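Sequential numbering from 1 along the given sequence is applied to the chain's residues. On a predicted model such as this, the values are computed, not experimentally measured, just so you know.
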Amino acid sequence: MKILVFADKAAARGGLEIFAERRAEALRADGHEVETAREAPADLSAWDRIEVHKCLDPAALERFPPEKTVVWVHDHEPVCPRRHAYTPLLRNCSRASGLWPCLFCAPFCRHPVAALGRVFSLRRRLRAMRRFARVVALSGFMKDRLVASGIPAAKIEVRPPEIRLPEPSGPLPEGVDLLYVGQLTRGKGVQTLLRAMALADARHTLDVVGSGNHERRLRALARRLGLAGLVRFRGWSDDPRAWMLAARCVVVPSVWQEPYGLVAAEAVALGRPVVASDVGGLPEACGGKAALVPPGDAAALARALDAVRGA
């Protein structure tokens, strides 16, 4: 079968991009002829099936033939103009999309004009999604969000991502106590993790494997909390399995509503102890095999980290 895996261009390589790459690899391993694209081809008739993982332009989404297109929903982009379901007041939003309150939130985005445009294109995007025979959400949490925004429940399949981590390419890192893997953005909650380390009874160290626009603030916060010698910023790594296998505990401290939580699922699959926020799709990703704490609660996170140390 000839399959096109499509994902819009992205400024950063995050979980969505990694998932689309792995999905293409898995389809090839199953014997399919797979092509990937980051811009919608002019002719869409050459493929037997099309998998759309990200498409920000409603006009482009409307061009995909509904009878052979599967739309994967990785994040809040189809139902939130800010794309993160996270308000300017640092609160998670669970409302269905619409002119209100979206018109209040959108002007506070980094690119407010584009966000306001997305407020008025949400209905068009959702209409386009309703055309497709199948929409795939990574968690029941995201299915509920899509249903609240008008996608028929009967069209939505919940399919958690397959965990296919490659074997480490070299020796495992040494001396890894707490581990965070992912982008360094406000919603990922690393600031809560640093505050939890400062409150914890035990002396924890932390390896931060990732990059993002919040890194400088996190470094400054670590210094203010007296953690500069305990927190190591390692940058992005294409070999997360090695770090996870070496870690005593993997921490996923997200404060935003993670649509799923691939890092948590990977760490659980590798048998590592996990402490994660009880928010969004993270409880589903952990499958009951992690210590869950309220998002943004540094004191509760500190207690969970100490409990893992004592286990």
Pairs in or reaching into residues 209-223: which pass salt bridge (Lys or Arg N to Asp or Glu O under 4.0 Å), with residues at least two apart or in two chains?
Glu215-Arg219

By side-chain hydrogen bond (donor to acceptor under 3.5 Å, both in side chains) - contacts of Gln191 (at least two apart)
none

Glu284: what forms a side-chain hydrogen bond (donor to acceptor under 3.5 Å, both in side chains) with it, not counting sequence neighbours?
none

Tell me whether Asp48 contacts the main-chain N or O of Met1 through its side chain, where contact means a donor paired with an acceptor under 3.5 Å.
no

Enumerate the side chain to side chain donor-acceptor pair (under 3.5 Å) contacts for residues 134-146, please, sequence neighbours excluded, ordered by first and then second residue.
His76-Arg145, Arg134-Glu157

Applying salt bridge (Lys or Arg N to Asp or Glu O under 4.0 Å) to Arg125 and not counting sequence neighbours gives Glu77

Quick one: ring pair (Phe, Tyr, Trp, His ring centres under 6.0 Å) partners of His74, sequence neighbours excluded?
Phe19, His53

Can you establish whether the number of heavy atoms outside Glu67 located under 6.0 Å from its atom CD is more than 12?
yes

Which residues share a salt bridge (Lys or Arg N to Asp or Glu O under 4.0 Å) with Asp207, sequence neighbours left out:
Arg232, Arg234

Pairs flagged by side chain to side chain donor-acceptor pair (under 3.5 Å) wherever residues 260-279 is involved - sequence neighbours left out:
Arg22-Glu266

Partners meeting side-chain hydrogen bond (donor to acceptor under 3.5 Å, both in side chains) with Asp297 (sequence neighbours left out)
none

By the ring-ring contact (aromatic ring centres under 6.0 Å, His included) test, which pairs, at least two apart or in different chains, include something from residues 172-222?
none

Starting from Val147 and following side-chain heavy-atom contacts under 4.5 Å between hydrophobic residues (I, L, V, M, F, W, Y), which residues can be reached?
Leu4, Phe6, Leu44, Trp47, Ile50, Val52, Leu61, Phe64, Val71, Val73, Val79, Leu126, Met129, Phe132, Val135, Phe141, Met142, Leu146, Ile151, Ile156

The side-chain hydrogen bond (donor to acceptor under 3.5 Å, both in side chains) partners of Arg49 (sequence neighbours excluded) come to Glu51

